Amino acid sequence: MQSIEQLMKEILSLPSASRALLADKLVESLEFDTDSTIQKTWIAEAKRRRDEIWEALVQPILGEEGLAQVRRLIEP
């Protein structure tokens with residue numbers, strides 16, 4: 001069995017899309033005791049945002065650009 005350090009080295013050498021998929025799967029694998037009300041609220045919010053994009057009410061941007069905008073807002 002590989003050590004965590006060896007596994008991390010291999011994972012970090014993967015292309016970013018593969019790392020993102022792996023990160024998503026790891027988060028999904030964690031067991032969370034989520035409040036059903038909170039879960040329903042987030043699902044409704046995700047659907048609302050999806051619908052805004054489908055109806056062309058908002059223009060989506062790339063994740064990298066969104067992160068850059070947030071960083072510009074919070075940097076001193």
Side-chain angles (χ1 to χ4, degrees):
M1 184 171 203
Q2 293 184 5
S3 71
I4 295 293
E5 291 80 20
Q6 292 169 322
L7 191 55
M8 287 291 294
K9 186 177 180 179
E10 285 184 46
I11 290 168
L12 292 174
S13 71
L14 294 171
S16 60
S18 297
R19 291 192 321 268
L21 177 62
L22 180 58
D24 187 47
K25 294 297 180 186
L26 286 171
V27 170
E28 284 179 11
S29 74
L30 299 174
E31 293 185 25
F32 292 103
D33 291 330
T34 55
D35 182 318
S36 64
T37 303
I38 294 171
Q39 187 174 9
K40 288 176 186 175
T41 301
W42 276 115
I43 290 170
E45 178 66 13
K47 288 180 179 179
R48 182 188 67 77
R49 291 178 185 194
R50 177 205 60 198
D51 293 344
E52 285 181 343
I53 293 170
W54 284 354
E55 296 167 10
L57 298 174
V58 297
Q59 179 66 41
I61 60 173
L62 295 175
E64 293 85 9
E65 176 57 29
L67 289 174
Q69 288 179 18
V70 169
R71 286 184 184 110
R72 285 191 295 271
L73 289 172
I74 63 173
E75 287 179 350

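Treat the numbers as computed from the prediction; the structure is a model and nothing was measured.
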Crowded around Ile4 CD1? As in, over 12 foreign heavy atoms under 6.0 Å?
no
Closest non-hydrogen atom pair, Leu26 against Ser29
O-OG, 2.6 Å
Arg48/Glu45 under salt bridge (Lys or Arg N to Asp or Glu O under 4.0 Å): CA gap, chis, key distance, verdict
CA-CA 5 Å; Arg48 182 188 67 77; Glu45 178 66 13; 2.5 Å; yes
How long is the span from the CD atom in Glu52 to the NZ atom in Lys47, to the nearest 0.5 Å?
15.0 Å
Is Ile43 isolated, or which residues cluster with it under the ILVMFWY side-chain rule of less than 4.5 Å, directly or via members?
none
Is Leu22 reachable from Leu7 through a run of hydrophobic residues whose side-chain heavy atoms are each under 4.5 Å from the next?
yes
Just grab all the salt bridge (Lys or Arg N to Asp or Glu O under 4.0 Å) pairs involving residues 2-19, residues at least two apart or on different chains.
none
Applied to residues 64-76, the side-chain hydrogen bond (donor to acceptor under 3.5 Å, both in side chains) test, sequence neighbours excluded, yields Glu65-Gln69, Glu65-Arg72
